[in-house]
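One structure below.
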Number of protein chains: 2
Amino acid sequence: MSPSKIRFSELVGEQTRAEIFATVLTAGPISRTQLAQRLGLVPSSVTRMLPPLLEHGYLREADATAPQGRGRPQKMLHVNPDKHIVVGMKIGPAQVSGVVTDMAANVLARDEEPIADCTPRTALSAAAALTGRLLSKAPEAADRVLGLGVGVSGHVDSAAGVCRYSALLDWNKVDVAGPLQEATGLPVVVNNDVNTLVVAERWFGEGRDVDSFAVVTVGPGIGCGLLLNGSLFSGATGLAGELGHVPLDPAGPMCSCGRRGCLEALAGDRAVLRHLQDGGFACASIGEAITLARSGTDAARNVALAAFTEAGTALGRGLAGMCNLLNLQKIILAGEGAVAHDLFGPALTQALEAHAFSTAARDCRIHVDPVQHDLWARGAACLVIRDTVGATLS
Amino acid sequence: MSPSKIRFSELVGEQTRAEIFATVLTAGPISRTQLAQRLGLVPSSVTRMLPPLLEHGYLREADATAPQGRGRPQKMLHVNPDKHIVVGMKIGPAQVSGVVTDMAANVLARDEEPIADCTPRTALSAAAALTGRLLSKAPEAADRVLGLGVGVSGHVDSAAGVCRYSALLDWNKVDVAGPLQEATGLPVVVNNDVNTLVVAERWFGEGRDVDSFAVVTVGPGIGCGLLLNGSLFSGATGLAGELGHVPLDPAGPMCSCGRRGCLEALAGDRAVLRHLQDGGFACASIGEAITLARSGTDAARNVALAAFTEAGTALGRGLAGMCNLLNLQKIILAGEGAVAHDLFGPALTQALEAHAFSTAARDCRIHVDPVQHDLWARGAACLVIRDTVGATLS
DNA sequence: CTCTTTTTCTTGCGTCAAGAAAGAAAACTT
DNA sequence: AAGTTTTCTTTCTTGACGCAAGAAAAAGAG
């Protein structure tokens, strides 16, 4: 038998093109040669893969005027931001908020639509209406709208475009992609809302340089999206990431899910509020609690700080468990609750370091995402970009 | 631009061959057509990939005598057990135990070598000696010894063949593959011991039909190996699976790692023994505790059962957390402690069901592996088979 | 000002994977 | 004996990609 050649790259076709696009996206303007090096390809392969990307207008060659030393000048490639736009959207219980972005996920316009109730009917027609409004705000330079990405909390079957179940929205087997596709005429991509954040962080944020990280959202609930070995991890049936209901304390308070001592019951907004109430400083909202902790009377501040500290400790223990199990390189804290990071952060870090088992788990970096109002919707837009470039190259 | 075809299969070359071998291995005697269907290939591709596998003697065509209805008779393919043999080995603190298996991982011979201490020097020379003894026991029909698989507890860098750190053996950056390769002249594959179990279960055991499962070993410590999306998950630096040190109870007992309330401190052997001692029925070993729980006096049995129940509850809570996070389809309980399943099982199941969040997590099946003495070593042998067929096809 | 050097990109060729389609083998049915 | 049915094989084509040689374009040397 003749010794067969080994194929160094494990990429094939479409996938290679998607990789090229992603690399151009994340590694800024980049030359063909550099691309080849990064992807473990020979330069000619890069050249060969490019025409479709350039013809579609996904990528563009820079005008290249800077002096580059001797040799043939590099033609830098970068994402062509003007040609295509994308709509991203998050369906929440009280409103639908969305953005229009270009192909580099820069936000071009934003808008939102409050909804009276969150029945599928109301929410989806609001989403369709919002899409129209957003597109009318977008620059007309755009040649073509690539699609609509939607983030929904709960259990989403993204292949089918269906929300199987959402506790927050009280949805049960709701077809999201179908109606929206019908109403807007756009390709629709649906996924879990936290997963949209994972994609956004992976492509444009803190996840660019690591291959396994978690995005943990802190707020009324605790959400978690995972990127393992470089790809989104959804579990066997798309339900992975229920960090909020990891049991942490057999003697803990009751959780909304009916069990005792879930992380969410120890570190969610309600836990903080309960703690404050017990201390005699009841607050109506978590925002109020944060204000109290930052600028209340001394007595109130102590109670509030203790409440956040306790939440931070619980969160740190939960994250430590996850790190021990998954050996993550980074944890990105996001969600509304991240603004209170100054209050719960120290306790979190301490608990995490105390319970992180091995050196590697201790090396797991924590990153707090600056509060970005559009982050969710932007993530949803990323879904479309990913799907488009990963699949639609004709 | 012409519409490009989509490549349905994501397999390429070597990988396809490895898939074919694995499918033949796990799906018994199977025809080319069936193989093609399973792997999403067209029959001709299967035919094309086979010659190297057949020539190497990894696979063989059955003599096919059974009547098969009309049509050209299928030529069933099966693993050729006789041609190659493999050595698998587990290095433990008190002995090295190993097996010789055929290519279907059937155990042909077993042996073990006690070691006085577990310094790398002692352990590795014992392993080399044991390899020699095992091979002399093996049938000489074997054409060729494919390699030596070694399972070591702790943090293993399998690519380098090095044990980075093992608490159990008190090893630090010990080169395992090098010396053994030198001493035995065989290709050596090293991995974490629990990971060898994962591979074994995936190929020959309870993991055959699921794509994401965990193997959890119960004993002095709690170990865990993960198979996610069909492939072994080792985390960013090979440290994933530290289930034993997931924090579960802030008020729990101290763990050997110095933290409080780790799963291992709540459900490991020592937890059971401590509970018994507190109840006034001190035992020297876990075996004694099991005997006590099964056939002691009523008072002793109550205490012992309570101890196991508590451990089972803690384990159930830990597993529930893992399920919630990873949406596993199955959890396989193994290790020495699995024999006590009748004692802690009910509590485990109850706690798991109580804390498993979503329907999918609740659907996660628990399987208790019947105590198999060679399971670890057999798993190590599987490593070699996997690596060989996955990589060495020339 | 021309020639060389250097770096980058492109073109042509060979190989391998894998689908498509048609043909060959081997059994059963009529 | 001829047809039917299922399985396996052969041949052809497309596409990905490495390899190697060549073309492009700029800086530096003589």
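Between the side chains of B:S234 and A:N327, no donor-acceptor pair of N or O atoms lies under 3.5 Å.
A sub-4.0 Å separation between OP1 or OP2 of D:dC8 and a side-chain N or O of B:T33 is present. Within the 4.0 Å cut-off from OP1 or OP2 of D:dG18, at least one side-chain nitrogen or oxygen of A:S45 is found. Residue A:R70 places none of its side-chain N or O atoms closer than 4.0 Å to OP1 or OP2 of C:dT8. Under 4.0 angstrom from either OP1 or OP2 of D:dT9 there lies at least one side-chain N or O belonging to B:T47. Considering only side-chain N and O atoms, B:K75 lies nowhere under 4.0 angstrom from the phosphate OP1 or OP2 of C:dA27.
Summarising the geometry, the separation between CD on A:Q74 and P on D:dA26 is reported as 13 Å, rounded to the nearest angstrom. In this structure, the CD1 atom of A:I30 is 15 Å from the C1' atom of C:dC9, given to the nearest Å. Residue A:L50 contributes atom CG, which lies 12 Å from atom P of D:dC17 at whole-angstrom precision. The CE-P distance, from A:M76 to C:dC9, rounds to 9 Å in whole Å. At whole-Å resolution of the value, CD in A:Q34 and C1' in C:dC9 are 13 Å apart. One atom, CE of B:M49, and another, P of C:dG19, lie 11 Å apart when rounded to the nearest Å. Whole-Å rounding puts the A:L35 CG to C:dT8 C1' distance at 13 Å. Taking atom CD of residue A:E61 and atom C1' of nucleotide C:dT8, one finds them 12 Å apart after rounding to whole Å.
Comparing A:R72 and A:P43 along DNA chain D, the residue whose closest nucleotide (by nearest heavy atom) sits nearer the 5' end is A:P43.
In this structure, A:Y58 and A:F21 have perpendicular ring planes: the angle between them is above 60°, well past the 30° mark.
Put simply, OG1 on A:T26 and CZ on A:R202 are 8.0 Å apart, with the number rounded to the nearest 0.5 Å. Taking CD1 of A:I20 as the start and CZ of A:R38 as the end, the distance is 13.0 Å to the nearest 0.5 Å.
Of the candidates C:dA18, D:dA23, C:dG19, the closest approach to any side-chain atom of B:T16 belongs to C:dA18. Nearest to the side-chain atoms of B:V42 among the listed nucleotides D:dG18, C:dA17, C:dA20 stands C:dA20.
In the interface, the side chain of A:R48 is not paired with the base of D:dG15 through any donor and acceptor atom under 3.5 Å apart. In terms of polar N and O atoms assigned as donor or acceptor, the side chain of B:S44 comes within less than 3.5 Å of the base of C:dA20 in a complementary pairing.
Smallest separation of non-hydrogen atoms from A:M76 and A:Q34: CE-OE1, 4.0 Å.
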